[in-house]
Amino acid sequence: MNQLLIALTVVLVVAAVVQVIRILELSAELRGGNTNKVNDKDNRNQGALMLLFMIAMVVSFFWMWFKWEPLMLPGASSEHGVQIDNLMAITMGIIIVVFLITQPLLFFFAYRYRGKKENKASYVSHNNRLELIWTAIPAIVLTVLIVYGLKTWSGIVNKDTSDAQVVEFYARQFDWTARFTGQDGMLGEANVRNIQGANIVGIDMEDEFGQDDVLGRGEIYLPVGQPMLFKFRSQDVLHSAYFPHFRMQMNCVPGMNTQFAFTPTKTTDQMRQETGNPEFDYILLCNKICGAAHYSMQMTIKVVSQEEYDRWMSEQTPLANS
């Protein structure tokens with residue numbers, strides 16, 4: 001009801017402003033004036049408004065920066081996450097510098113060179129030096145950023161995973177299931193056609209490597225400092241596994257296996273101290289709008305020491321015994 005009243009008020013205010021402007025135009029016409037003719041007073045008012053808008057824009061930019069900066073993600077908790085943060089910081093730094101130079105100048109020029117009766121505009125048809133400056137500088141900056149980004153991404157996705165611990169994440173509306181290798185260190189073959197009973201991820205129970213696989217739902221543990229290889233599958237629609245604190249995201253595509261390797265560098269307890277939040281937990285989200293209950297597709301991840309991880313794993317039940 002309040003929203004309807006606010007909307008109605010806005011409409012009435014706009015209608016009142018339009019009527020006032022129309023009355024002023026009719027008054028000017030009755031006095032014999034031309035309401036469509038722009039004079040120095042109009043240009044001065046418009047220039048002043050441009051200047052005020054520029055000041056408000058810059059002030060609001062810094063206000064939002066300091067106001068919302070505490071809501072940004074804390075520092076990355078993975079080895080490659082530091083590289084991604086550096087890439088993001090450099091890119092955003094360049095964007096902000098260019099914004100603070102070009103946008104205030106744009107509005108200041110609109111004020112400084114506003115129309116005046118005694119001024120006469122000059123026409124410049126072409127200037128090779130200016131063309132070279134505003135073409136070459138952006139091209140060089142973009143080239144450096146693209147090459148830096150490609151080099152960073154190549155280093156992240158082309159890692160040696162021979163000693164990585166494998167964990168599979170199985171996505172379905174609206175749930176995540178993690179599958180850990182057992183003592184053999186190998187995941188068993190899996191197919192959606194094998195799904196039945198407790199075998200919710202479709203493991204081939206005749207495959208000896210799948211007998212000791214362990215399923216985890218709701219909350220799982222990972223060892224800090226241990227290289228991990230995450231594999232992803234989807235049962236139904238396109239999902240996207242998003243680990244914001246690890247700076248990691250990978251699509252989960254039905255009928256296709258995808259993967260991402262990384263190494264967690266901070267335990268959950270370390271992050272709780274660093275953020276000052278005793279309830280902090282790493283989290284896995286779905287970053288694709290996969291259905292009506294998409295928002296509930298979450299999993300808690302605790303990064304712990306190798307000893308704590310081994311103790312937690314010893315308490316889990318292999319699928320063959322469940």
Side-chain angles (χ1 to χ4, degrees), residues 68 71-85 87-89 91-92 95 146 149-150 152-159 161 164-181 187 189-195 199-203 213-222 227-264 268 271 279-303:
W68 305 117
L71 298 180
M72 298 289 286
L73 286 171
S77 300
S78 62
E79 289 182 352
H80 76 275
V82 176
Q83 301 174 49
I84 291 192
D85 280 358
L87 178 61
M88 186 71 177
T91 305
M92 287 304 298
I95 291 173
I146 290 171
L150 288 175
T152 301
W153 182 246
S154 176
I156 290 172
V157 299
N158 294 319
K159 285 187 175 181
T161 59
Q165 182 170 333
V166 179
V167 180
E168 180 191 74
F169 289 88
Y170 190 69
R172 63 177 180 175
Q173 293 174 315
F174 301 96
D175 172 70
W176 293 103
T177 301
R179 180 161 64 116
F180 293 79
T181 61
L187 289 174
E189 293 294 329
N191 191 292
V192 67
R193 295 181 178 84
N194 300 324
I195 294 176
N199 188 7
I200 58 176
V201 298
I203 301 174
D213 288 355
V214 172
L215 302 185
R217 306 181 70 186
E219 178 181 286
I220 63 169
Y221 281 47
L222 298 178
M228 309 294 300
L229 177 61
F230 283 179
K231 293 179 175 289
F232 304 94
R233 288 191 297 139
S234 173
Q235 176 176 314
D236 37 42
V237 299
L238 186 65
H239 301 275
S240 188
Y242 178 41
F243 306 82
H245 303 95
F246 300 137
R247 308 294 192 265
M248 184 173 71
Q249 178 171 315
M250 180 56 66
N251 282 345
C252 306
V253 185
M256 178 183 293
N257 294 327
T258 53
Q259 64 181 40
F260 199 110
F262 82 110
T263 302
T268 297
M271 286 298 288
E279 297 180 352
F280 172 87
D281 275 318
Y282 293 111
I283 194 167
L284 163 61
L285 303 171
C286 177
N287 214 14
K288 286 282 187 293
I289 301 177
C290 59
H294 152 79
Y295 66 91
S296 63
M297 199 168 170
Q298 302 181 11
M299 173 182 280
T300 300
I301 297 174
K302 290 189 178 299
V303 178

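Positions are given from 1 along the sequence.
For the atom pair CG (Leu222) and CZ (Phe180), the distance works out to 5.5 Å, reported to the nearest 0.5 Å. Rounding to the nearest 0.5 Å places CE of Met299 at 12.5 Å from SG of Cys286. One distance of note links CH2 of Trp153 with CD1 of Ile84; it measures 6.5 Å at 0.5 Å rounding. Rounding to the nearest 0.5 Å places CD of Gln259 at 6.0 Å from OG1 of Thr161. A distance of 6.0 Å separates OG1 in Thr152 from CD in Gln83, rounded to the nearest 0.5 Å.
At a threshold of 4.5 Å between non-hydrogen side-chain atoms, the residues Lys231 and Arg179 do not count as touching. Between Pro264 and Ser77 there is no side-chain heavy-atom pair separated by less than 4.5 Å. The side-chain heavy atoms of Leu284 and Phe230, taken from C-beta on, include no pair separated by under 4.5 Å. Within the 4.5 Å cutoff, the side chain of Ile301 has no heavy atoms near those of the His245 side chain. The shortest distance between side-chain heavy atoms of Asp213 and Glu168 does not fall below 4.5 Å. Met88 has its side chain out of reach of Arg247: every pair of non-hydrogen atoms, C-beta onward, lies at least 4.5 Å apart. Counting only heavy atoms from C-beta outward, the side chains of Val303 and Met271 never approach each other to under 4.5 Å.
The number of heavy-atom neighbours closer than 6.0 Å to CD of Gln298, taken from other residues, nucleotides and ligands shown, is above 12. Counting heavy atoms of neighbouring residues, nucleotides and ligands inside a 6.0 Å radius, atom CG of Leu73 exceeds 12 of them.
Ring pair Phe262/Phe246 is tilted by interplanar angle, where 30° to 60° counts as tilted. In this structure, Phe243 and Phe232 have tilted ring planes: the angle between them lies in the 30° to 60° band.
Side chain of His294 to main chain of Lys288: a donor-acceptor pair is present (N/O by atom type, distance under 3.5 Å, no hydrogens or angles). Judged purely by atom type and a 3.5 angstrom limit, Asp236 uses its side chain to pair as donor or acceptor with the backbone of Gln173. For Asn251 (side chain) and Val253 (main-chain N/O), no donor-acceptor pair under 3.5 Å exists by modelled atom type. Side chain of Thr258 to backbone of Cys252: no donor-acceptor contact under 3.5 angstrom is found. When atom types are taken as modelled, the side chain of Arg233 and the backbone of Val201 share a donor-acceptor pair closer than 3.5 angstrom.
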Can you list the steps and then say if Cys290 with Met297 is a side chain to side chain contact (heavy atoms under 4.5 Å, CB included)?
CA-CA 9 Å; Cys290 59; Met297 199 168 170; 3.9 Å; yes

Go through the steps for Asp175 and Arg217 under the test side chain to side chain contact (heavy atoms under 4.5 Å, CB included), then give the verdict.
CA-CA 8 Å; Asp175 172 70; Arg217 306 181 70 186; 2.9 Å; yes

How far apart are the C-alpha atoms of Tyr170 and Ile195, what are their side-chain angles, what is the distance that settles it, and do they pass the side chain to side chain contact (heavy atoms under 4.5 Å, CB included) test?
CA-CA 12 Å; Tyr170 190 69; Ile195 294 176; 3.4 Å; yes

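Of all non-hydrogen atoms in Thr181 and Val166, the two that sit nearest each other are CG2-O, 3.7 Å.
Outside the 6.0 Å centre-distance limit, the rings of His239 and Phe169 are not counted as a close aromatic pair.
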